[in-house]
Asks: 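Below you'll find the structure I mean.
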Amino acid sequence: MNDEDTIKEAYAPDHSRQVIIADDDLTTLRILERTLDKAGFEPISVSSGTDVLENLSDETCAVILDIQMPGINGLECLDYINREYPDLAPIMLTASDDVSDAVYAMKRGAFDYIVKPFKAPQITALVTRAVHSFEQTIRLREAEESLRQARENEIYVASRIQQSLLLGRPPAGFPGLEIAHMTIPSQEVDGDFYDFIQLDSRSMDLVVADVMGKGIRAAFMGAALKSYFLRVVNETRLSSEGHACIAPEDIVDSVCDHMISELQALESFVTLFYARFYPKRSQLTYVDCGHVRPLHFHHRSNHISLLRGENMPLGFPEKNPFRQFNVSFEAKDVFLFYSDGLTETKSPAGDLYGEERLIDFLSAHAALSMDELIRAVKAEIVEFFGSAEFADDFTCIAVKIDANPLPLELLGRQELCFDSRLDELQRVRRFIRMFGKKYMRRASDEPRIAGIELAAVELTSNIIRHAYDNQPGYPIRLEALAYPQEITFSFYNRGKPFDPGTDPAPELEGPKEGGMGVYIIEKSVDEITYSRNENDENCARMLIRWC
Amino acid sequence: MAVKLKVKTYADVAVVELREKALDASNSEKFKNSITETLESHKKLVIDLSRVEFVDSSGCGALLSCLRQLGDREGELKLCGVQKNVQRLFELVRMNRIVDIYPTKDDALKGFQNQ
C-alpha cells in the first residue's frame, strides 16, 4: 500500500471537495490535477490569476497558487482570497529561487508552501490538511454562530422570564396608596424582581429584590425566590382568618430557609427589601437584607430619610434572625424603592449617579404624580447616562400616601397616666388586662393578654430606666385604642428617646436584662414602633391584632 | 418594703417560697437581697413560685443571678410551682433549658434525692 492509498482510505473523500489549482506551467498543472483527482478531490485547473478569481466559490475547499503567474499573480490572488474568502488558506507553489516570496505569503495568511519540483504524496498530504483545516474553520464559525444565537436566545428567554414572572403589578386601586412602577430592561438581564402582595384589606406588601448575576441563572433564581414568597404567603393565607398575621420578618425568614441551600450551591445571593404598608395606621413595617436603601420623602418637613436595615443578603453564610423595623408616615409622603442599577448608573465621564443625586432629585420632584415621577426618574437617568441603552436593568417603584386615608372605626379608647416609678407596674398591668379583656374574650386569648401585660411591663420599665434614668416624678401616659381588628397601646413620655435597635436577643448563658426586655416585647406583641410625635413626646406603640 | 420569703429546710435542701404575686422590676432587687442569706448557707435550693402570677425580665434576671451564684459554688437551683403565664415567659427566654422546673415542691425535692 503506498502513501496515497493510505491517505485516501483514512480520509475517505468524496468529489464535492473542490480544489482550485493555478499554475501557468501546464505540465505542473496536469501533474497536480491527476494527483488530486486520484486522491479523491475535485480539481479545477486554471492557468492565470484572473481564472482563479472567476472560479472561486463557496464550494472551494482549497486553493493551490503558483506565485509567479502573468497578470494577477499568486500573491495578489492570496490577498483577494484573504479578503473575500477569509476561511480559505491557499497553498503556495514556488520555484526554488523565490523562497522569500513564499515566506512573505505565509505571513499574509497562506496555509503552507511547496517548492517545485514536488512529489505527489507531498501534495496530497498538504491539500488534505488544508481541506481539513478549512472545514474545521467552517465548523468553528458555525459553532460560534449558534453559540451567539443561543446567547441571544438566552437573553430573550431571561427577559421573558423577568417580564412575565418576576415583575408584579400592584393590586388595582389599593385605597390610600398611589403606586407607579417600572423596569428599564438592559442589554443583559438582571435578576431584578418586585412584586406586590395583598394579604388582607388593611395592608399591602411590596417586595423588591436583586439576584446577583445576570442572564437565565439570575432570572430563574429570581423566579424561584418569587415562588417561595408566594408559597409562604399562600400558606399564611390558608392558616389564618384573612389577616396578615405573619410578620414580614417571619416571611423573609421562611423564604431564606427555603432558598439558602440553593443560593449557596450556586454561590449566589439576593439583596431584598420587604415592605408592608398600613395606610390606615400610617405605618410601614420593613425588613431589609442588604438592599439599596429606599428613600422616604416626608412631605410635612420636606426632608428625606433612608430606610435602613441591618440584615445581610440572603445566601450569606451567617444567618441571624431577621429583624424588621417600623416607620410612620403622613399624607403626601413618598417612598421610592429601586435597584442598584439606578444609583450605579455611570455618566460618560465615569461618575456614579449615586444616592445623593437621587435624594436631591426626589426632593425636587416629590410633588409630581407617581407616574410622572417615575417617568422623570427615567428621563433623568437617561440624560445622566447619555443613552437609553443600559448595561444594568433598573427598577424603580414609587409609592405616595394619599392625602386622606380612610380612618379606622374606633371602638374604644382609654387612658392611664402614671408616675415614673417601678411600683406603678402593677397598675399598668391591671389597666392592660382590663382593656384587653374587653375585646379579646375568647379563652384562647388569655395567653395573648398575658403576653401584652408582660410587654407593657417591659416597656414601662425601659421608659423609667432609660428615658427617665430611674427618676420618679415624671409623667408617663398610656393610651389604649381598640379598632375592629386591632388594639394599640401607646406609651408617651418626654424623656430621652429610646433606640431599641442595638439590643440583641438574649443569649442562653446569662441574659442581660435590658436586651431581654426588648426581645420579650418583640415576641409578645405583633408590632412595636418607636417614634417621636409632633408634641415632642416619645411614643412607643404596641400593636396587637385580634384575629 | 421587703419581699416576703418563707424558707424551709429539708435535710440539705432549702425551699424558698416567694409569697408575692409578682416578681418584676419593682421588687426583683429586693428579692435578690432577701434571698442572699439562704443562698450563701445552702448549696441546694428550690424556689417555689406557686404564688407568683407574674414574672418579667427583671424577675428572670434575679432567678438567673441565683442560678449563677449557686453554680459558682457547685450548687444547684430548681424551680417549682411555675404558673402557666410564667412558664410561657421562661420558654420565651429559654430559661426552661437552663433551670430544672418541677410541678411541685415535693417533685423538686425528689429531684435532688435522685441525684
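Labels below follow one simple rule: chain letters A, B, ... track the order of the sequence lines, proteins then strands, and each chain is numbered from 1. Computed from a prediction, not measured in an experiment: that's the story for all the values here.
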Asks: Please determine if Lys78(B) forms a cation-pi arrangement with Phe112(B), meaning its NZ or CZ atom is less than 6.0 Å from the six-membered ring centre and no more than 45° off the ring axis.
Replies: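 Verdict for Phe112(B): a cation-pi partner in Lys78(B).
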Asks: Does Tyr439(A), at its OH atom, have more than 12 non-hydrogen atoms belonging to other residues, nucleotides or ligands within less than 6.0 Å?
Replies: yes
Asks: Which bit of Ser524(A) comes within less than 4.5 Å of chain B, counting heavy atoms only: side chain, backbone, both or neither?
Replies: side chain
Asks: Could you check which of Ser461(A), Pro447(A), Gly451(A) has the highest count of heavy-atom pairs closer than 4.5 Å to chain B?
Replies: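 The candidate making the most pairs under 4.5 Å is Pro447(A).
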Asks: Quick one: which of Leu77(B), Ile98(B), Val93(B) gives a side chain to side chain contact (heavy atoms under 4.5 Å, CB included) with Leu64(B)?
Replies: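 Of the listed options, the one satisfying the test is Ile98(B).
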Asks: Please classify the contact between Leu425(A) and chain B as side chain, backbone, both or neither, with a heavy-atom cut-off of under 4.5 Å.
Replies: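 Contact with chain B: side chain only.
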Asks: So that I can tick it off, tell me whether Arg427(A) and Glu424(A) are bridged by a salt bridge, with the cut-off set at under 4.0 angstrom between side-chain N and carboxylate O.
Replies: yes
Asks: Would you say the ring centroid of Phe431(A) lies under 6.0 angstrom from that of Phe418(A)?
Replies: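 No, too far apart.
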Asks: At a 4.5 Å cut-off on heavy atoms, which part of Arg421(A) comes close to chain B: side chain, backbone, both, or neither?
Replies: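 For Arg421(A), there is no contact with chain B at all, as no heavy atom is under 4.5 Å.
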Asks: Which residue out of Glu446(A), Gln426(A), Arg429(A) racks up the most heavy-atom pairs below 4.5 Å with chain B?
Replies: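 Top option by heavy-atom pairs under 4.5 Å: Arg429(A).
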Asks: With a 4.5 angstrom heavy-atom cut-off, could you sort out which part of Glu453(A) is near chain B: side chain, backbone, both or neither?
Replies: both
